[in-house]
Engineer: 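Starting off with a structure, shown below.
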Amino acid sequence: MDPLRQSPSPSSSRASSPRTFSCERLGYVGIEAVLDQLKIKAMKMGFEFNIMVVGQSGLGKSTMVNTLFKSKIWKSTMPGLRVPMPQTLQLHSVTHVIEENGVKLKLTVTDTPGFGDQINNDKCWDPILGYINEQYERYLQEEILITRQRHIPDTRVHCCVYFVPPTGHCLRPLDLEFLQRLCRAVNVVPVIARADSLTIEEREAFRHRIQDDLKTHSIEVYPQKSFDEDINDKILNSKIRERIPFAVVGADREHMVNGRCVLGRKTKWGIIEVENMAHCEFPLLRDLLIRSHLQDLKDITHNVHYENYRIIRLKESHALPRGPGWVNLAPTPSPTPTGTRASPGSGKVCRWAEDDSDEDF
């Protein structure tokens with residue numbers, strides 16, 4: 001039999017995707033101009049970024065946020081002024097619009113005062129996880145509206161910076177329990193807070209102990225290995241994973257050092273420059289969150305964490321609220337007996353909601 005006319009195998013009988021051929025152009029078309037169009041549109045709309053900081057009181061969370069964006073996002077407590085410790089965990093959010101060279105960034109920072117400050121910290125993470133899921137629920141409910149907004153406000157937490165106390169030992173049971181739950185819901189970037197209280201040798205030993213704890217308890221922090229898209233991402237993210245958790249120092253005051261103004265903390269022994277890699281690893285944290293991975297943090301939030309939440313909610317869609325303007329989400333259809341056909345329209349609305357949810361992205 002002619003080998004070209006042999007009957008196709010079961011695997012080859014499936015419809016194959018159409019082949020893509022490169023064609024020879026006869027002249028300039030201007031396809032590259034689409035990049036300029038995207039840039040102009042993005043600059044008009046601006047960008048949104050939502051970050052959460054979690055850690056015990058006194059670890060410099062507010063100062064670190066101010067240092068990251070070189071703005072007075074949070075008002076730091078005056079030295080010597082005693083602030084009453086909250087009896088329960090509270091979440092505070094503040095939103096600012098930061099503009100730099102014509103690019104607008106709508107920044108929302110959520111602080112978690114009271115986390116880990118009590119004698120009994122049992123389930124102290126519940127309000128934090130509840131807040132994260134609440135933002136997913138808000139976005140989902142806006143997404144399934146029949147007549148929805150052209151641009152859905154995005155309040156989902158794109159990144160959570162977790163501040164580890166500089167004990168020099170290892171992660172506490174509280175840290176391990178919380179991180180195991182937190183990493184399933186949001187991108188987590190752990191940092192060693194107030195790293196200037198440790199020597200270089202103590203800092204490195206502490207970092208390796210934390211990395212061992214994360215590996216032992218299967219805690220996958222950002223950037224996750226499974227999400228590396230190509231070899232370049234793998235090389236870059238591997239270098240970042242080697243340095244996590246970053247040993248950082250925050251400061252929102254400038255000092256003169258060798259005739260130049262630098263952000264730093266003044267001590268009796270000198271000035272700790274926060275942007276000097278010889279002093280701390282704040283530049284690595286800033287580059288990760290803002291300069292190199294900001295859009296990737298948002299993409300993983302939407303395509304992975306929010307998608308996981310969305311799938312769970314659509315499976316239990318009978319529990320979603322119903323009313324004017326809401327899509328009537330049918331519950332998950334039960335398997336139909338062999339030889340019978342499902343009723344017309346069963347599951348159609350659910351599939352429509354899934355397909356339509358990606359329109360704006």
Side-chain angles (χ1 to χ4, degrees), residues 47-55 59 61 64-65 67-69 105 107-112 115 125 128-129 131-133 135-136 139 154-164 171 175-193 195 206-248 250 280-309 361:
F47 300 90
E48 295 173 320
F49 189 57
N50 307 319
I51 186 172
M52 174 182 281
V53 289
V54 178
L59 293 181
K61 300 188 296 295
M64 179 57 61
V65 171
T67 310
L68 271 173
F69 298 96
L105 176 67
L107 174 69
T108 300
V109 181
T110 303
D111 193 8
T112 56
F115 174 78
W125 49 76
I128 298 175
L129 295 176
Y131 176 84
I132 294 172
N133 288 329
Q135 308 316 308
Y136 290 151
Y139 194 92
D154 189 2
T155 60
R156 298 169 296 182
V157 178
H158 300 128
C159 179
C160 176
V161 181
Y162 190 84
F163 286 72
V164 179
L171 290 176
D175 300 323
L176 295 172
E177 287 286 340
F178 182 40
L179 286 174
Q180 285 179 328
R181 293 166 172 80
L182 190 64
C183 287
R184 302 189 194 112
V186 71
N187 300 310
V188 179
V189 178
V191 297
I192 300 173
F206 190 32
R207 188 203 315 276
H208 291 142
R209 292 192 194 102
I210 293 176
Q211 290 175 346
D212 291 340
D213 286 342
L214 295 175
K215 186 176 181 180
T216 301
H217 293 84
S218 301
I219 299 173
E220 196 171 8
V221 298
Y222 183 85
Q224 301 90 335
K225 287 184 179 180
S226 55
F227 300 150
D228 294 341
E229 295 183 353
D230 52 36
I231 188 62
N232 293 328
D233 285 347
K234 188 174 182 179
I235 294 173
L236 174 61
N237 292 339
S238 295
K239 293 179 180 179
I240 294 173
R241 284 188 284 265
E242 290 175 0
R243 305 305 303 172
I244 282 181
F246 301 128
V248 298
C280 74
E281 296 170 340
F282 167 80
L284 296 179
L285 176 65
R286 177 198 58 203
D287 292 349
L288 175 70
L289 296 182
I290 302 174
R291 300 185 180 182
S292 63
H293 286 69
L294 187 149
Q295 187 58 45
D296 187 61
L297 285 164
K298 297 180 64 175
D299 290 343
I300 292 181
T301 298
H302 179 74
N303 297 326
V304 179
H305 297 300
Y306 169 69
E307 191 67 16
N308 292 337
Y309 179 87
F361 296 91

Engineer: For the atom pair OH (Tyr162) and NZ (Lys61), what is the distance rounded to the nearest 0.5 Å?
Structural biologist: 10.5 Å

Engineer: Would you please name every residue forming a salt bridge (Lys or Arg N to Asp or Glu O under 4.0 Å) with Arg241, sequence neighbours left out?
Structural biologist: Asp228

Engineer: Taking ring pair (Phe, Tyr, Trp, His ring centres under 6.0 Å) as the definition, give me every residue that meets it alongside Phe115, ordered by chain and number, with sequence neighbours left out.
Structural biologist: Phe178

Engineer: So which of Val191, Leu68, Val188 actually passes side chain to side chain contact (heavy atoms under 4.5 Å, CB included) with Val161?
Structural biologist: Val191

Engineer: Can you label the angle between the Tyr136 ring and the Tyr309 ring as parallel, tilted or perpendicular, going by 30° and 60°?
Structural biologist: tilted

Engineer: Can you tell me how far apart CG (Asp213) and CG (Asp175) are? Round to the nearest 0.5 Å.
Structural biologist: 9.0 Å

Engineer: Report the C-alpha distance between Phe206 and Val164 in whole Å, list the side-chain angles of each, state the deciding distance to 0.1 Å, and finish with yes or no for side chain to side chain contact (heavy atoms under 4.5 Å, CB included).
Structural biologist: CA-CA 11 Å; Phe206 190 32; Val164 179; 3.9 Å; yes

Engineer: For Phe49, which residues count as a ring pair (Phe, Tyr, Trp, His ring centres under 6.0 Å) partner, sequence neighbours excluded?
Structural biologist: His158

Engineer: Tell me, do Pro190 and Ile210 make a side-chain contact under 4.5 Å, heavy atoms counted?
Structural biologist: no

Engineer: Got a donor-acceptor contact below 3.5 angstrom from the Asn187 side chain to the Tyr222 backbone?
Structural biologist: no

Engineer: Which is it for Leu284 and Ile240 under the side chain to side chain contact (heavy atoms under 4.5 Å, CB included) test, yes or no, and what are the steps along the way?
Structural biologist: CA-CA 8 Å; Leu284 296 179; Ile240 294 173; over 6 Å; no

Engineer: What's the spacing between Arg243 CZ and Leu285 CG if we round to 0.5 Å?
Structural biologist: 13.5 Å

Engineer: For Glu48, what residues pass the salt bridge (Lys or Arg N to Asp or Glu O under 4.0 Å) criterion, not counting sequence neighbours?
Structural biologist: none

Engineer: Decide yes or no for His293 and Asn237: does some side-chain heavy atom of the first lie under 4.5 Å from some side-chain heavy atom of the second?
Structural biologist: yes

Engineer: Is any side-chain heavy atom of Ile51 less than 4.5 Å from a side-chain heavy atom of Val65?
Structural biologist: no

Engineer: To the nearest 0.5 Å, what is the distance between NZ (Lys234) and NZ (Lys239)?
Structural biologist: 14.0 Å

Engineer: Starting at NZ of Lys298, measure out to CZ of Phe47 and round the result to the nearest 0.5 Å.
Structural biologist: 7.5 Å

Engineer: Decide yes or no for Met52 and Val186: does some side-chain heavy atom of the first lie under 4.5 Å from some side-chain heavy atom of the second?
Structural biologist: no

Engineer: Could you go through Ile128 and Ile132, starting from their C-alpha distance and side-chain angles, then the distance that decides it, and tell me whether this counts as side chain to side chain contact (heavy atoms under 4.5 Å, CB included)?
Structural biologist: CA-CA 6 Å; Ile128 298 175; Ile132 294 172; 4.3 Å; yes

Engineer: Start with the C-alpha gap between Tyr131 and Gln135, add the side-chain angles, then the distance that decides, and say whether side chain to side chain contact (heavy atoms under 4.5 Å, CB included) holds.
Structural biologist: CA-CA 6 Å; Tyr131 176 84; Gln135 308 316 308; 3.2 Å; yes

Engineer: Using ring pair (Phe, Tyr, Trp, His ring centres under 6.0 Å) as the criterion, list what pairs up with Phe246, not counting sequence neighbours.
Structural biologist: none

Engineer: Determine whether Met64 and Val53 make a side-chain contact, defined as any pair of heavy atoms from C-beta on separated by less than 4.5 Å.
Structural biologist: no

Engineer: Any sub-3.5 Å donor-acceptor pair from Gln211's side-chain atoms to Ile244's backbone N or O?
Structural biologist: yes

Engineer: Using a 3.5 Å distance criterion without hydrogens, assess whether the side chain of Arg209 forms a donor-acceptor pair with backbone atoms of Leu171.
Structural biologist: no

Engineer: Verify whether one side chain among Asn50 and Thr110 offers a donor that lies under 3.5 Å from an acceptor in the other.
Structural biologist: no

Engineer: Listing request: all salt bridge (charged side-chain N to carboxylate O under 4.0 Å, His left out) pairs with a residue in residues 284-294, at least two apart in sequence or in separate chains.
Structural biologist: Glu275-Arg286, Asp287-Arg291

Engineer: Kindly give the heavy-atom pair with the smallest separation between Arg156 and His302, and that separation in Å.
Structural biologist: NH1-ND1, 3.0 Å

Engineer: Return yes if some donor-acceptor pair links the side-chain N/O of Glu220 with the main-chain N/O of Cys183 below 3.5 Å, else return no.
Structural biologist: no

Engineer: Hey, could you give me the CG/SG distance between Leu297 and Cys160, rounded to the nearest 0.5 Å?
Structural biologist: 11.5 Å

